[in-house]
Protein chains: 2
Amino acid sequence: MATASGKYKRTNTNGMQHQPLDVAIVGGGLVGSLLALHLGKKGHEVNLYEYREDIRTAELVIGRSINLALSARGRRALAEVGLEEALLDHGIPMSGRMLHDVHGNRKIVPYDANTNQCIYSVGRKHLNEVLLNAAEKFPNIHLHFNHKLVSANLDEGNLSMVDPQTKEVKNARADLIVGCDGAYSAVRKEIVKRPRYDFSQTYIEHGYLELCIPPNANGEFAMPHNYLHIWPRGQFMMIALPNQDRTWTVTLFMPFTQFHSITDQEKLLEFFRQYFPDAIELIGRERLIKDFFKTKPQSLVMIKCRPYHVGSKSLIIGDAAHAMVPFYGQGMNAGFEDCSVLTELFNKYGNDLTRILPEFSEQRWEDAHAICDLAMYNYIEVKMRLCYDMRDLVTKRSYLLRKKLDELLFWLLPNTWVPLYNSVSFSHMRYSKCIANRAWQDKILTRVLYGASFASIAGIGALCYRHVTMGHLERLSSAILSTFQLLKSSASV
Amino acid sequence: MATASGKYKRTNTNGMQHQPLDVAIVGGGLVGSLLALHLGKKGHEVNLYEYREDIRTAELVIGRSINLALSARGRRALAEVGLEEALLDHGIPMSGRMLHDVHGNRKIVPYDANTNQCIYSVGRKHLNEVLLNAAEKFPNIHLHFNHKLVSANLDEGNLSMVDPQTKEVKNARADLIVGCDGAYSAVRKEIVKRPRYDFSQTYIEHGYLELCIPPNANGEFAMPHNYLHIWPRGQFMMIALPNQDRTWTVTLFMPFTQFHSITDQEKLLEFFRQYFPDAIELIGRERLIKDFFKTKPQSLVMIKCRPYHVGSKSLIIGDAAHAMVPFYGQGMNAGFEDCSVLTELFNKYGNDLTRILPEFSEQRWEDAHAICDLAMYNYIEVKMRLCYDMRDLVTKRSYLLRKKLDELLFWLLPNTWVPLYNSVSFSHMRYSKCIANRAWQDKILTRVLYGASFASIAGIGALCYRHVTMGHLERLSSAILSTFQLLKSSASV
């Protein structure tokens with residue numbers, strides 16, 4: 001047995017006295033190691049089991065996205081264990097999108113034109129290392145690498161693992177098992193077998209492949225580095241996030257069929273010449289060819305399920321509970337927010353897992369499904385939307401009108417009229433509320449637009465009849481006034 | 001090996017010459033036995049493997065819905081193997097819903113007020129028997145009961161089965177394996193393991209439990225029998241379908257929590273007295289108590305997945321491919337329609353499975369998802385909707401207005417403006433088209449209503465200004481005219 005701490009009262013760093021729990025965390029990635037810190041800080045006896053070797057001493061993991069966008073939700077969860085500043089210092093702030101068209105022209109679309117909030121490009125490996133290093137400092141957090149879960153008894157809290165190299169079997173028991181083992185979670189595989197369990201896995205036709213832009217001849221970033229660079233091309237797109245070493249991680253999203261159609265160097269260069277001519281120079285011809293054919297495109301999956309707990313001894317969080325496609329930059333942030341939500345519930349209910357776990361499931365599934373859906377919706381919409389942004393569209397007036405109106409209202413009512421992207425990325429509003437809020441905004445805007453068209457038609461009609469009096473003008477201004485009152489009052493809904 | 005027919009040219013009943021295929025059908029329920037007939041008729045060598053014993057000699061299967069509503073899609077698939085008339089003769093036509101309120105008052109809502117089309121209540125056992133008897137007459141259809149699938153190699157077309165009683169292992173090989181083995185399909189379990197496979201299972205909080213209303217003292221139906229009887233009660237509901245023996249199969253749909261709260265006779269009677277007082281008498285006090293506590297409520301699941309095929313040797317259809325909640329009465333009909341679609345593709349492509357199977361998946365998933373969603377939507381909506389119908393709602397004007405308008409337009413434009421229920425139940429329009437059609441109708445109606453309100457406001461305004469001239473009236477009538485032209489022209493979209 002890997003865990004066997006005697007049950008004694010301990011004063012945790014929050015000053016609360018309780019019986020510490022034996023917690024087994026399956027998966028030592030970003031969410032698993034952050035959760036270890038959250039629970040370790042509360043004084044629990046935490047054993048973290050990771051099936052890979054220690055990432056701090058390992059080679060770079062191939063095929064997993066190597067940098068990520070950290071925003072408000074992730075930052076708060078890091079702040080709760082005192083690591084926000086350290087990570088922001090190392091991250092690279094991105095204040096907006098820089099769009100590249102096929103001619104190499106660039107255009108900036110800020111994330112938050114009003115208050116200049118940023119998202120941060122952070123390296124997965126660095127982030128994971130910082131979290132593991134911090135965890136290791138706790139005497140009550142124990143890290144176990146090369147522990148691959150083979151089976152689990154979720155009712156009893158028993159785990160059976162194996163060392164992938166030595167094949168040695170290791171057993172463990174815990175008061176609480178938390179699966180933080182990603183989209184293909186082994187813990188979830190046990191949960192799915194339960195009766196009446198809701199589960200879905202949805203793959204998209206797009207895969208992704210990572211490329212790299214090296215520093216320029218002067219050793220500097222090859223592009224302005226405080227932006228997330230995007231090459232939107234309708235059916236596919238490419239993005240680039242800056243790294244501390246002045247390189248860029250480039251991700252090409254494209255239907256698998258299109259990946260498969262690029263079978264040799266010539267076809268690859270032809271494709272890039274047609275769609276991403278400026279990227280050939282940035283990446284470098286030789287490097288592009290080498291990197292493109294080095295790895296296979298990876299698939300993108302959305303996982304939704306519920307509930308997240310089984311009985312009072314098991315739970316899944318992060319990608320294990322809600323993997324999403326990466327088009328809203330919220331995967332890691334949502335997983336980190338799970339840790340905040342769980343910590344809040346521990347604060348509320350002490351260590352009563354019979355109340356904490358069901359409430360976590362109940363409270364969290366709606367938000368998790370909401371952000372999964374939003375990311376999927378963005379997968380479809382983002383390509384079109386960015387194409388419009390890029391072209392300063394004249395033909396898509398309705399989109400631009402909506403956008404301008406949105407910006408105007410956000411400026412007029414900064415606390416009331418928060419656009420969707422901002423509420424998701426720069427606030428802690430529940431994801432489901434962000435979407436409800438957007439639906440409410442759509443409704444109001446539709447009404448306002450209908451009202452405006454009606455008012456103008458009525459106005460024109462009245463003018464035609466040459467019967468305009470001061471009374472009409474008064475009524476018109478009072479109508480505008482009540483619209484704004486409606487906006488303010490409904491905002492609290 | 002259970003199959004080994006030599007490959008020889010055969011002239012099938014369609015007169016087409018081809019190499020017959022060895023087809024293994026897994027599951028001898030309604031869809032499996034109908035598919036055997038469809039493919040047997042085309043001259044293929046069909047082996048049907050059913051894990052239960054022969055339903056024709058077995059006791060009634062407990063816990064599965066014992067009668068079903070047959071509508072247009074199911075009828076056509078039966079007609080294609082010459083069985084429609086036989087089954088309609090045995091089925092009981094239901095021309096509408098008969099709603100029961102808590103005071104025992106009844107109200108009829110016809111399915112199709114214009115052309116009086118019916119759906120038919122048919123017994124599952126009878127239907128299955130008719131299909132199996134017909135299949136048995138084909139020399140090239142072979143029925144194998146007590147064959148439970150253990151594993152399958154879907155690329156090779158190999159099946160491994162076991163006799164649940166004797167434990168004897170039976171192997172088979174086929175050119176095509178078709179899984180018709182229901183919502184918990186063993187064939188699908190093999191398919192789900194494939195890379196990038198989309199799959200979802202969604203349980204609803206409601207379960208169902210079957211009760212029975214016996215014939216009355218005169219041996220007659222205890223209620224008017226040409227209706228589907230419904231007791232809509234908001235959070236739960238009860239329905240009853242007539243059987244040939246003058247009994248009624250009653251199904252109570254209710255959240256599991258509510259089922260669990262009824263722990264003894266007294267609570268059961270209290271519950272029925274409050275919500276279904278007229279049903280106590282119809283069912284009989286003793287029988288109600290006996291039947292209610294005899295079986296556990298069954299769960300209701302929606303299964304969506306895609307694609308339905310693997311390579312060129314395996315396919316799933318029916319509930320195995322798209323199980324749905326029973327609130328649109330389309331589960332069996334959709335499964336039967338799968339047989340029609342598949343037969344059409346065999347007609348189109350001869351026996352070229354490399355074209356038939358991908359096209360089946362591609363063509364069918366959208367319709368299957370559509371009807372699954374519609375049934376789920378109805379689960380939420382139907383209760384409310386029927387409550388409105390029942391109460392002749394004054395408070396829900398928008399619903400009634402929409403309904404009346406719908407009926408009026410259907411009457412004016414019977415080929416163009418088909419309401420959703422009618423297109424689903426009484427036409428062969430693709431399910432996805434039924435929904436698109438409804439969305440189009442909603443859009444038109446919204447426009448018409450907006451137009452009407454605008455016209456009336458403008459009209460009132462004009463009256464106020466006392467400037468109404470013949471010119472205005474002309475313009476008004478031309479506006480009405482163009483609205484109808486718009487309706488007719490958009491209908492072909």
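Proteins come first, then strands; the chains are lettered A, B, ... in the order of their sequence lines, and each starts at number 1. Source: prediction; values computed, not measured.
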Inset, instruction - Tell me, yes or no, whether the heavy-atom count around B/Phe292 atom CZ, taken from other residues, nucleotides or ligands under 6.0 Å, exceeds 12. - result: yes

Legend entry - Contact winner vs chain A - B/Phe256, B/Tyr203, B/Phe199, heavy-atom pairs under 4.5 Å: B/Tyr203

Inset, instruction - Tell me, for B/Leu300 versus chain A, whether the close heavy atoms (under 4.5 Å) come from the side chain, the backbone, both or neither. - result: neither

Legend entry - Expected output: side-chain B/Arg196 to main-chain A/Thr202 donor-acceptor under 3.5 Å: no

